[in-house]
Engineer: 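This is the structure I want to talk about, given as C-alpha cells.
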Amino acid sequence: MDIDKIIAELTLEEKAGLCSGRDFWHTKGIERLGIPEVMMCDGPHGLRKQVGEGDHLGINASIETNCYPTASALASSFDRNVLHTLGTELGKECQAEHVGMLLGPGLNMKRSPLCGRNFEYFSEDPFLAGELGSAYIESLQTQGVSACVKHFAANNQETRRMSGSSQIDERTLHEIYLPAFETAVKKGKTRSVMCAYNAINGTFAAENKELLTDILRKDWGFKGFVVTDWGAVKDRVNGLLAGLDLEMPGGPGVQDARIVSAVQNGELDEAVLDEAVRHMLQFALECKGLQKEAVTVDREAHKQLTASLAEQCAVLMKNEENILPLSSNEKILYVGEFAEHPRFQGAGSSHINVPHPVSALEAAEKNGHAVSYVRGFDIHEKEDANQLVQEAVEAAKAADKVVIFAGLTDVYESEGGDRETLDMPENQLQLIDAVSGVQSNVTIVLHGGSPVEMPWINKVKAVLCMYLGGENVGTAADRLLFGEVSPSGKLAETWPIRLEDNPSYLNFPGENGVVTYAEGIYIGYRYYDKKKLDVLFPFGHGLSYADFAYSDIQISKDAFDDTETVTVTAKIKNTGSVQAKEAVQLYVKNAASGVRRPIRELRGFDKVELAPGEEKQVCFTLDNRAFAYYEPKIHDWFTESGAYTIEIGSSSRDIRLTAAVQVTGTKEIPITFTRTSTVSDLMKTEKGRSFMQNMMAARAKQSVAAAEDNVKNMGEGSDKIVKSMMYEMPLGSLVTYGAVTEEQLVGLLSMLNA
C-alpha cells in the first residue's frame, strides 16, 4: 500500500489517533483505509496475553502458556543459539495468538544488584547484553513478530522509575548504558524501541530529542517506531517533537485532542505528526503482511524446551571435592520448600500464567532418582522456623548428601520496588547453618533473579545457581545434579561478597528522585578488577563436570590501524571424561591508556560443545570498537594508538591465553593549544610529534642532557623521572629553558591551532 497516499487521505484527528493506543494492548486501526489494529503483549521470556481488562503489573488473568528462563538466566548461557531458539519459539506462540509485537528484551545494565527488576535484564556488560539481545530479536522477527527493546535508556532501578532522573556523564552514557541498544538496532534490526519512564540529566526519555532522534535515528539509523513505556508520556506534543511515535496505553482521547490543537494553533508542524504517522503505518501494514494463518503450538514440546534451555543457563558456582554430580546409590536428602514449589519466574508485567511448573522433587521421582524430602522452611515465612529446621537437621544426619533448595522469594525482588539488602530470608539462613553443622556434604541449589550474600559459603561444598529457570526448572535441576548434563553457564554479573562493595552503593537509589551515576564507567567487573577487590564469584565464572585446556592463540596480524578488522583464534580441548560445553571469553586490555580505562573489557564470546578428548578452534573478529573508548571531546568513539593485550579465558579472572597487538588510531582529538599546554598534550597529535622530532631535536637534546645531570644521583629510575618532567612541562617553559625561541613557540601554536 502507498503510505504517502494513505497519509494524504487521513484527517487530522485520525493522524493524532494513530499515535495512541485503542486500549491497553492494541494500536488503532482505520477500517475505511485498510489500516489494521495490532496487538502487543508483554514478554520477553513468555507470552503474557491478558484475556480481560489489561494491566501492566501482572495482576489480572492472562492465558496459560509456556514460561522460559528469565533474562538473568538466559544471559548466563553465554550462548547466542539459546537466544535464537527462544526467539523462534516465542515468535510461533505470538503468531498462534495473533500478537504482532512482544515487549522485550530488556537491555538495561545491572548497575546495582538491588534493582528489583534485574531478573528481566541480561548483564552488567553492554557487549554481552547487546549480542544476546540481538540474537533473540533476529529470531523473533524471522517469525513475523516485532521485538520492542526496552527501556531506553538508563532505567536501572525501580525506585522513582516513573519520575526520577538519571544523572550521567556523556562518556558513561555512551560507553555503558547505550551500546546494547545500539547493537539491537544495528545488528538485531529491532522494529520497535520502548522509551523509559525516567529522565536523563533532567529531560524525560519520552521528550528527549537527543535520545530519540539524534542518537537513535540519525546516529544509529533506526527505521522503526518508538513507543512509550505504559504511562510514560509527560507532554505529548513535546514527545512528538523529540521523536516519540506511539503513546501506550490508549486513553480517553485527551492526548489526541492535545495534538490536534497543537497543529491547529501552529505549536506543532503537521509534518512532524506525519512522520510519526508514517512510522505507525509502516508497522501496522508490515504486521498485517507478516501474519501467519493457522499456526499451532505444541505446549508440551515447548515445556521440554524450557528445561533444555535452563540446563544451558545454570551456573555451577562451587563444587568442592567434586561432590556433584550425585549418584542414585547414595542416600540423598532434598531440603527446602523450593524443591517442591520452585521459584521459576519474577513478579510484575512479565509474569506468565503457568498451569503446572515442574519441581526438582517431581522430576527426581519421574526420572527414577531416589531422594527423600523435608520441607525445611516456609516460603511465606509464617510457620515456626525452628520446628522445620529441627526436622531437617534430624533427617540430614541420616543422609549421605543433602541438597538444600533455597533463594529469593517473590517479595524479595519484583518490578515496582528495589531490594534493600542482598540477604536471603532469615529462615533459610537458619536452615543452612543448622544443616551444615551436622552434615558435611551439603549442596545449595539457588533460585532467584539476582545475587545474594553467602555467609554460609565455606560451610557447603557445592552451589548450583538456577537463577529463574522457567516452568520446567525442576527437570533441569535434576538432570544437572545427577550428571545427565554438565553445567555450562557462566555468570553474566559479578556476585560481590558484600553489598557495600558494589560501586553504586553510595549513590543508589539516589535522593528525591535524582540518582547520580558517580561511579561512571566502572560498573560490575570493570570496577572490581580496577579496585582489585575480592568478590564472591567473578563475571564469567562457571564450573563444569569436565576440564578444558586452552592453547595456541593466533592473531591474523599483530599490528594494524583502527579501520581494519583482526581475527583471533584459539584451541579448546575437553580434557575431562564427560561431554560438556565451555563458554570461551575474549577480553581486550589497554594498560597504558592516557584516559581512565577498565583493566579489561569483554569483546567476544563463543560456546563450544566438546566430547571427551575433543579439541575445537574458536574464532573471534575484532573491529575498531573492540579497542575504542567513547571520547566526549569528539562525541564519538576513539582508538588510542598503542599496545593492547588480547586475553582469552574461562572468566574475567581466569585468563588462560594472552597476545599483544599494536593498534594505530586514525582519528585525532581536537585540542586548542596554549602556552600552558604540556609537552604530553603536544605529543598526542601528529603535528606535535613531528615538531618535537624535527624542529626541536638539537635544543631539546641539550635540555635533556642538563636535566639528566641534575638527577643522575637520584638512583635507579631517574630516566623515567626525566621523561616525566619533560612531558609535564608547559610549552611556555620551553622558551624559558631555551629549547625553542619565542618566535618558534608562536609559530608552533599557530600551526597546531590552524
Engineer: Between Arg191, Arg278, Arg217, which is the residue that forms a salt bridge (charged side-chain N to carboxylate O under 4.0 Å, His left out) with Asp245?
Structural biologist: Arg217
Engineer: With distance as the sole test, does Lys28 use its side chain to make a donor-acceptor pair with the main-chain N or O of Gly17 at under 3.5 Å?
Structural biologist: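 Looks like yes, one N/O pair under 3.5 Å.
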Engineer: According to salt bridge (charged side-chain N to carboxylate O under 4.0 Å, His left out), who are the partners of Asp169, at least two apart in sequence or on a separate chain?
Structural biologist: none
Engineer: Testing His45, His302, Glu471 for side chain to side chain donor-acceptor pair (under 3.5 Å) with Tyr68, which one passes?
Structural biologist: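 Going through His45, His302, Glu471 one by one, the side chain to side chain donor-acceptor pair (under 3.5 Å) with Tyr68 is satisfied by His302 alone.
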Engineer: Considering residues at least two apart in sequence or located in another chain, which fulfil the ring-ring contact (aromatic ring centres under 6.0 Å, His included) criterion with His174?
Structural biologist: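 Tyr630.
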Engineer: Taking Met248's backbone N and O only, do any of them form a donor-acceptor pair with Thr228's side chain (distance below 3.5 Å, no angle check)?
Structural biologist: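 Indeed, once roles are kept as given, a pair shorter than 3.5 Å links the two residues.
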Engineer: So, does Gln585 use its side chain to make a donor-acceptor pair with the main chain of Gly604 at under 3.5 Å?
Structural biologist: no
Engineer: The criterion is side-chain hydrogen bond (donor to acceptor under 3.5 Å, both in side chains); which residues satisfy it with Thr563, sequence neighbours excluded?
Structural biologist: Asp561
Engineer: Would you please indicate yes or no on a ring centroid separation below 6.0 angstrom for Phe204 and Tyr197?
Structural biologist: no
Engineer: Which residues pass the ring-ring contact (aromatic ring centres under 6.0 Å, His included) test with Phe225, not counting sequence neighbours?
Structural biologist: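 Counting only residues at least two positions away or on another chain, Phe225 forms a ring-ring contact (aromatic ring centres under 6.0 Å, His included) with Phe283.
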Engineer: Just to verify, what does Lys303 make a salt bridge (charged side-chain N to carboxylate O under 4.0 Å, His left out) with, not counting sequence neighbours?
Structural biologist: none
Engineer: Could you label the plane-to-plane angle of the Trp220 and Phe152 rings as parallel, tilted or perpendicular, counting under 30° as parallel and over 60° as perpendicular?
Structural biologist: tilted
Engineer: Identify, with sequence neighbours excluded, every residue that meets salt bridge (charged side-chain N to carboxylate O under 4.0 Å, His left out) alongside Glu37.
Structural biologist: Arg22
